[in-house]
Amino acid sequence: MSRTSSMGRGVKAVLAAGERHLRGLPGGTVAEIAADLGKDRSQVSRSLRTAEQEGFLRRTPERTFALDWSVLTDALLLTRRRLATDGTAALEGLSRETDEGCFLGVLSGRSTVTVGESVPASSRLVGSWLGRPYPAYCSDAGQALLWETPDDDVRKIFAGVQFQQHGPNTPADVEDFLARLRNARVRGYSIVDEEAEPGLYSLAVPIRDFRGDVVAALQVVGLKGRLEPSRSRHAEALVRQGRWLEGMLGWRSPDSHA
């Protein structure tokens, strides 16, 4: 006898409807979804009706069950809110641990934009970066925000972009940027060493949401003479806070046992 709970059966039914969307199909009938799952039609019918009542699925005029996209919209809105609230908590915790300027950035076209910051006076960083765009190919957040992006897509993003030198180590071109990104992926965090401007050094990690999409980058930024000697310790704090924030956004790494 199956020990699968009614909730588990309902989730599987919703996921089966979602799989049909991925295959380009407009949802599925009870019979089609039951066949996909290899389950009894009457049992699947009850699960689909319950999912419809709870607002996860909708019934189309063709009497198929399809995903109710408002559920995803609500989840995305919640992600944005949590990125603001829990992102602030992560920034404040990270700046206390590192005593350096800490930032949260997002991607906007070919630029990165700072949406959150926590900058202690002792960091010796002057001014605010909130709302200010910076070229993604050399910004503190650029590599982290393009962490999961395939190489060919990165090439398309930077197609026609002149890689102007903002610091002594600005990438020369997109292939140089990609080489640094590959190294960052192996390392587990990016290092931007005087790429954005002379004397500036930063570490960053990608922040994923419940879908596994990179929605932000968490950064530690400071003067090279201060931050580089403590890189390992600061990177450890950065990765830890980044994982916490991802957990708050609903992401669970495939190798996580949580």
Side-chain angles (χ1 to χ4, degrees), residues 71-136 138-149 181 184-185 187-192 195-196 200-222 227 230-231 233-256 258:
V71 173
L72 180 59
T73 300
D74 290 344
L76 292 173
L77 289 172
L78 179 60
T79 295
R80 293 193 189 101
R81 294 192 192 104
R82 300 215 73 150
L83 192 59
T85 56
D86 295 318
T88 298
L91 287 170
E92 291 176 350
L94 189 58
S95 66
R96 281 194 300 270
E97 285 194 70
T98 62
D99 199 31
E100 298 288 356
C102 297
F103 303 85
L104 202 62
V106 298
L107 191 65
S108 178
R110 297 168 171 176
S111 300
T112 65
V113 179
T114 299
V115 295
E117 63 181 27
S118 180
V119 185
S122 55
S123 71
R124 294 166 59 189
L125 293 181
V126 179
S128 171
W129 276 96
L130 283 175
R132 293 169 59 183
Y134 209 81
C138 67
S139 80
D140 301 306
Q143 293 177 41
L145 287 168
L146 294 169
W147 198 270
E148 306 284 4
T149 307
L181 178 53
R185 288 168 177 154
R187 188 189 306 114
Y189 58 91
S190 66
I191 298 174
V192 174
E195 296 176 24
L200 204 63
Y201 192 91
S202 67
L203 315 174
V205 292
I207 301 299
R208 301 168 184 83
D209 67 2
F210 64 97
R211 302 163 299 175
D213 292 345
V214 175
V215 293
L218 184 63
Q219 311 139 240
V220 179
V221 183
L227 207 161
S230 303
R231 188 190 88 187
R233 178 168 55 85
H234 290 348
E236 183 180 338
L238 174 67
V239 170
R240 185 172 61 255
Q241 289 286 357
R243 286 176 178 164
W244 176 84
L245 181 54
E246 286 185 324
M248 298 306 292
L249 297 181
W251 169 244
R252 292 294 182 270
S253 171
D255 58 1
S256 172

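Residue numbers run from 1 in the order of the sequence given.
Annotation: the span from Ser122 atom OG to Glu100 atom CD amounts to 7.5 Å, rounded to 0.5 Å. Rounded to the nearest 0.5 Å, atoms CG (Leu83) and CD1 (Ile207) are 8.0 Å apart. Atom CZ of Arg243 sits about 13.0 Å away from atom CG of Leu218, to the nearest 0.5 Å. Summarising the geometry, atom CD belonging to Glu236 is positioned 13.0 Å from atom OG1 belonging to Thr98; distances are rounded to the nearest 0.5 Å.
When every heavy atom of Ala237 is checked against every heavy atom of Glu97, the shortest pair comes out as CB-OE1, 3.6 Å. Minimum heavy-atom separation, Trp251 to Asp209: CB-O, 3.2 Å. Taking both residues in full, the closest heavy atoms of Trp147 and Tyr189 are given as CH2-N, 3.6 Å, listed atom of the first, atom of the second, then distance. Nearest heavy atom pair, residue Leu203 against residue His234, reads CD1-CB, 4.0 Å. Looking at every heavy atom in both residues, Ala89 comes nearest to Trp244 through CB-CH2, 3.9 Å. Considering all non-hydrogen atoms of both residues, Ser202 and Asp140 come closest at OG-OD1, 2.8 Å.
Counting only distance, with no hydrogens or angles, the side chain of Glu246 and the backbone of Arg208 share a donor-acceptor pair below 3.5 Å. Panel note: side chain Gln143, backbone Ala184; no donor-acceptor pair is recorded below 3.5 Å.
Partners of Thr112 according to the side-chain contact (heavy atoms from CB on, under 4.5 Å) rule, which considers only residues two or more places apart in sequence or in another chain, are Leu107, Tyr134, Ala136, Ser139, Ala141, Leu145.
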Requested in this report: In sequence, state the C-alpha distance, the side-chain angles, and the governing distance for Leu130 and Phe103, and then conclude on side chain to side chain contact (heavy atoms under 4.5 Å, CB included).
Outcome: CA-CA 9 Å; Leu130 283 175; Phe103 303 85; over 6 Å; no
Report task. Carefully, step by step, assess Leu245 and Leu104 under the rule side chain to side chain contact (heavy atoms under 4.5 Å, CB included). Result -> CA-CA 11 Å; Leu245 181 54; Leu104 202 62; 4.2 Å; yes
Report task. Apply side chain to side chain contact (heavy atoms under 4.5 Å, CB included) to the pair Val192 and Gln219, showing each step before the final yes or no. Result -> CA-CA 10 Å; Val192 174; Gln219 311 139 240; over 6 Å; no
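Evaluated for a side chain to side chain contact (heavy atoms under 4.5 Å, CB included) with Val220, the options Ser95, Ser230, Cys102 yield exactly one hit, Cys102.
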